[in-house]
Visitor: 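The structure follows.
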Amino acid sequence: MTVLAHGVTSSDADDELSRDALAVLQPGFEGTTAPAWLLRQIGRGLTAVGLFGRNIASPEQLSALTAQLRAERDDVLVAIDEEGGDVTRLEVRGGSSFPGNLALGAVDDTGLTRDVARELGRRLAECGVNLNWAPSADVNSNPDNPVIGVRSFGADTHLAARHTAAYVEGLQAAGVAACTKHFPGHGDTNVDSHHALPRIDADLDTLAARELVPFKAAIAAGTKAVMSAHILVPALDPTRPATLSPQILTGLLRKELGYEGLIVTDGMEMNAIAGTYGIERGSVLAIAAGADAICVGGGLADEATVLRLQGALVAAVREGALPAERLADAAARVRALASWTRQARAAAAPGAPQEGSAPGIGLAAARRALVMTGTATPVTAPYVATLAPVANIAVGDETPWGVAAELAALLPGTASGVFPEGATAADVLAAAGERTVVLVVRDAHRHPWMAAALEALVEARPETVVVEMGVPRAEPRGALHIATHGASRVCGRAAAELIAGV
């Protein structure tokens, strides 16, 4: 055993290095109870755990799971990707009780956004979750964006900024740390970073006036964490994606914007990183660039992944590729946030649910977000045809959406069918027979097959009701056109009420 300066032994230093390397990881796991390996690693220094839909069956089960984790470490960070709206883990099998960002942006009442986020935070805190990978601060400036869309408050920079700040304030008032994403802005992309590496070719002036404004608002509002994007922004760094870029994470976010909180990476197994750098090298480069926490576990959710990444970080320090001080600083920031969440848990008043009885604040907000074009004439026993695109990975295909179930609950005798990519108006008409058609679409402007079916159907049946549950960019068509600004359960309910005339 070698004695180093200040009486620290080499074995002490090795142990501290190993603990620091564990502390910066935010892994996932399989199942609805904590596996033995996860509890063991928490005991060894793992400070954060990420939850996904596969880990959640009910609020009671989730509370028991987080209690299991806290029995090992009282200040463990329990993180979740709970944006509300289309991206929900808390209600992954039934659909969210809250509208998403685009609906809140459409209403444009920051008080409502703050209250919705606080109620969402209250529910998370009640289940023992204390870090939410939300809100999305991306300005949806590219209408063809395949992964942001309704997850953004909108295409207006200053609207996105004020609602991002309100969301951060509401969430953190409930004692749940906000993680504002995806820095420096994922809105002007036409590639999904789950599949490949997107690129934004905007110049510095455009980035400063558009992408960065909501992040500045989030920082001013005190966001406890910021998530990096796996995107290439040549004006900021011509060679490395933001997650791996010292110019973007340290130079821009830390130094220019003055951000002092936790920097978290987006999922490292996403193909933009895993397919180009590999997760081990990517994780080392991310920490070296200024990230403090490595999110992994959406697709890789086992102890072997944790040990691989821990080993890569330790080896990088020993080989001189990663300064020990940088890893120690990252681990310290993780532990500081863990400490804040413990204090926030004690300080946050439990509080009653917002608008404590039915319908609740989520449905009230969804109703306010509806935009109707045409004439609402109550229908009886309609046929609901849902034109269903392939869901992106962030949203997932396990969460139900649409208006069919909600309309059937209000109008007994309602029939329905789901039509995948390639379906035509003739397919819908054959299934509908003589019934009035309620056609449900999602981002019709992005899917030529969907737009063609919609056009032909409205031409054949002018009385058709059209419900757009994505970004409402296409020209409103149909006797009645309803833009819900999102596909959560409450958005479907609000549209169904309007169609049924209740």
Visitor: Please test Leu252 against Gln247 for side chain to side chain contact (heavy atoms under 4.5 Å, CB included), starting from the C-alpha separation and ending with a verdict.
Guide: CA-CA 6 Å; Leu252 177 58; Gln247 292 96 309; over 6 Å; no

Visitor: May I ask you to check whether Gln68 and Thr33 show a side-chain donor-acceptor distance below 3.5 Å?
Guide: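 On atom types as modelled, these side chains do not qualify, holding no pair under 3.5 Å.
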
Visitor: Taking the side chain as every heavy atom from C-beta outward, state whether His230 and His182 have any pair of such atoms under 4.5 Å apart.
Guide: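 No, side chains not in contact.
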
Visitor: Ignoring hydrogens and angles, tell me if any N or O in the side chain of Glu269 forms a donor-acceptor pair with the backbone of Gly298 under 3.5 Å.
Guide: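 Between the backbone of Gly298 and the side chain of Glu269 there is a qualifying donor-acceptor contact (under 3.5 Å).
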
Visitor: With side-chain hydrogen bond (donor to acceptor under 3.5 Å, both in side chains) as the test, would you mind laying out the steps for Ser136 and Glu83 before giving the verdict?
Guide: CA-CA 8 Å; Ser136 167; Glu83 299 176 16; 5.7 Å; no

Visitor: Taking the side chain as everything from C-beta on, heavy atoms only, tell me whether Asp74 gets closer than 4.5 Å to Arg345.
Guide: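 Side chain of Asp74 against side chain of Arg345, heavy atoms only: contact under 4.5 Å found.
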
Visitor: What's the shortest heavy-atom distance between Pro389 and Trp401, and which atoms?
Guide: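 Where Pro389 meets Trp401 most closely, the heavy atoms are CD-CZ2, 4.2 Å.
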
Visitor: Checking Phe183 against Leu257 for the side chain to side chain contact (heavy atoms under 4.5 Å, CB included) test, could you report, in this order, the C-alpha distance in whole Å, the side-chain angles of both residues, the deciding distance, and whether it holds?
Guide: CA-CA 12 Å; Phe183 188 82; Leu257 302 187; 3.8 Å; yes

Visitor: Among Val314, Leu300, Leu25, which one satisfies side chain to side chain contact (heavy atoms under 4.5 Å, CB included) with Leu309?
Guide: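 Among Val314, Leu300, Leu25, the one meeting side chain to side chain contact (heavy atoms under 4.5 Å, CB included) with Leu309 is Leu25.
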
Visitor: Please tell me if the side chains of Leu313 and Leu22 come closer than 4.5 Å, counting only heavy atoms from C-beta onward.
Guide: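 Side-chain contact under 4.5 Å: no.
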
Visitor: Closest heavy-atom contact between Ala242 and Ala229?
Guide: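 Nearest pair, atom of Ala242 first, then Ala229: CB-O, 3.2 Å.
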
Visitor: Is the shortest heavy-atom distance from the side chain of Leu65 to the side chain of Phe29 under 4.5 Å?
Guide: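 They are in side-chain contact.
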
Visitor: Give me the atom names and distance for the closest heavy-atom approach of Gly222 to Val168.
Guide: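 Nearest heavy atoms, Gly222 then Val168: C-CG1, 4.3 Å.
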
Visitor: Quick check: do His186 and Met227 have side-chain heavy atoms less than 4.5 Å from each other?
Guide: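 They are not in side-chain contact.
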
Visitor: Can I get a per-line list of side-chain donor-acceptor pairs under 3.5 Å for residues 281-290, giving both atom names and the distance, sequence neighbours left out?
Guide:
unit_1 : atom_1 : unit_2 : atom_2 : d
Ser283 : OG     : Ile279 : O      : 2.7

Visitor: Within a strict 4.5 Å, meaning less than it, do heavy atoms of the Leu46 and Arg73 side chains meet?
Guide: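 Result no, sub-4.5 Å side-chain heavy-atom pair not found.
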
Visitor: Going through the distances and angles, do Arg162 and Asp108 end up as a side chain to side chain contact (heavy atoms under 4.5 Å, CB included)?
Guide: CA-CA 9 Å; Arg162 61 180 174 266; Asp108 196 14; 2.9 Å; yes

Visitor: For the CZ atom of Phe98 and the CZ atom of Arg489, what is their distance to the nearest 0.5 Å?
Guide: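 These two atoms lie 9.5 Å from each other.
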
Visitor: How long is the span from the CD atom in Glu72 to the CZ atom in Arg40, to the nearest 0.5 Å?
Guide: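 If we round to the nearest 0.5 Å, Glu72:CD and Arg40:CZ are 10.5 Å apart.
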
Visitor: Of Asn130, Val76, Val78, which is the lone residue that meets side chain to side chain contact (heavy atoms under 4.5 Å, CB included) with Thr66?
Guide: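 The side chain to side chain contact (heavy atoms under 4.5 Å, CB included) with Thr66 is passed solely by Val78 among Asn130, Val76, Val78.
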
Visitor: Are Glu256 and Leu212 packed together at the side-chain level, in the sense that at least one heavy-atom pair is separated by less than 4.5 angstrom?
Guide: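 Of all side-chain heavy-atom pairs linking Leu212 with Glu256, none is under 4.5 Å.
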
Visitor: Quick check: closest heavy atoms across Ser488 and Pro99, and the distance to 0.1 Å?
Guide: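 Scanning both residues, the minimum pair turns out to be OG-CA, 3.7 Å.
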
Visitor: Have Thr305 and Asp302 got a donor and an acceptor in their side chains that come within less than 3.5 Å?
Guide: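 On atom types as modelled, these side chains qualify, holding a pair under 3.5 Å.
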
Visitor: Checking the side chain of Lys181 only, and the main-chain atoms of Trp133 only, is there a donor and an acceptor separated by less than 3.5 Å?
Guide: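 Between the backbone of Trp133 and the side chain of Lys181 there is a qualifying donor-acceptor contact (under 3.5 Å).
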
Visitor: Can any side-chain N or O of Arg254 pair as donor or acceptor with the backbone N or O of Tyr259 at less than 3.5 Å?
Guide: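 Yes, the answer is positive, given that a donor and an acceptor are paired below the 3.5 Å cut-off.
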
Visitor: Looking at every heavy atom in both Ala160 and Pro214, which two are closest together, and how far apart are they?
Guide: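 Distance-wise, the nearest heavy atoms are CB-CG, 4.0 Å.
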
Visitor: Any side-chain to backbone donor/acceptor pair from Ser152 onto Asp138? Under 3.5 Å, distance only.
Guide: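 Answer holds: yes.
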
Visitor: Tell me whether Asn132 contacts the main-chain N or O of Ala178 through its side chain, where contact means a donor paired with an acceptor under 3.5 Å.
Guide: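 Checking the backbone N and O of Ala178 against the side chain of Asn132, no donor-acceptor pair under 3.5 Å is found.
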
Visitor: Taking salt bridge (Lys or Arg N to Asp or Glu O under 4.0 Å) as the criterion, tell me which of Asp20, Asp292, Asp329 meets it with Arg335.
Guide: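 Among Asp20, Asp292, Asp329, the one meeting salt bridge (Lys or Arg N to Asp or Glu O under 4.0 Å) with Arg335 is Asp20.
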
Visitor: Between Arg123 and Glu82, is there a salt bridge with N-O shorter than 4.0 Å?
Guide: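 Result for this pair is no, no salt bridge flagged.
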
Visitor: Should Leu244 and Ile273 count as side-chain neighbours, where that means a heavy-atom distance under 4.5 Å?
Guide: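 Answer yes - side chains close enough.
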
Visitor: Calculate, to the nearest 0.5 Å, the distance between atoms CG and CZ belonging to Asp81 and Arg89 respectively.
Guide: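 Atom-to-atom, Asp81:CG and Arg89:CZ are 4.5 Å apart.
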
Visitor: Among Ile56, Thr32, Asn55, whose side chain to side chain contact (heavy atoms under 4.5 Å, CB included) with Leu62 holds?
Guide: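 One option only clears the test, and that one is Ile56.
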
Visitor: Short question: side chain of Glu91, backbone of Ser97 - any donor-acceptor pair under 3.5 Å?
Guide: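 At least one qualifying donor-acceptor pair exists.
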
Visitor: Enumerate the residue pairs fulfilling salt bridge (Lys or Arg N to Asp or Glu O under 4.0 Å) with a member in residues 237-246, sequence neighbours excluded, ordered by first and then second residue.
Guide: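 Passing the test, one end in residues 237-246: no pairs.
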
Visitor: To the nearest 0.5 angstrom, please state how far the CD atom of Gln26 sits from the SG atom of Cys295.
Guide: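 Going from the CD atom of Gln26 to the SG atom of Cys295 covers 6.0 Å.
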
Visitor: Give the minimum heavy-atom separation between Phe52 and Gly28, together with the two atoms involved.
Guide: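 Where Phe52 meets Gly28 most closely, the heavy atoms are CE1-CA, 4.2 Å.
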
Visitor: Report the distance from atom CD1 of Ile361 to atom CG of Leu112, rounding to the nearest 0.5 Å.
Guide: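 Nearest 0.5 Å value for the CD1-CG distance: 5.5 Å.
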
Visitor: Which value, rounded to the nearest 0.5 Å, describes the distance between Leu77 atom CG and Arg342 atom CZ?
Guide: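 One finds 11.0 Å between CG of Leu77 and CZ of Arg342.
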
Visitor: For a salt bridge (Lys or Arg N to Asp or Glu O under 4.0 Å) check, start with the C-alpha distance between Glu16 and Arg19, then their side-chain angles and the critical distance, and finish with the verdict.
Guide: CA-CA 5 Å; Glu16 186 175 355; Arg19 291 183 70 82; over 6 Å; no

Visitor: Would Met270 and Thr243 satisfy side chain to side chain contact (heavy atoms under 4.5 Å, CB included), going step by step from the backbone distance to the final call?
Guide: CA-CA 12 Å; Met270 291 164 64; Thr243 294; over 6 Å; no

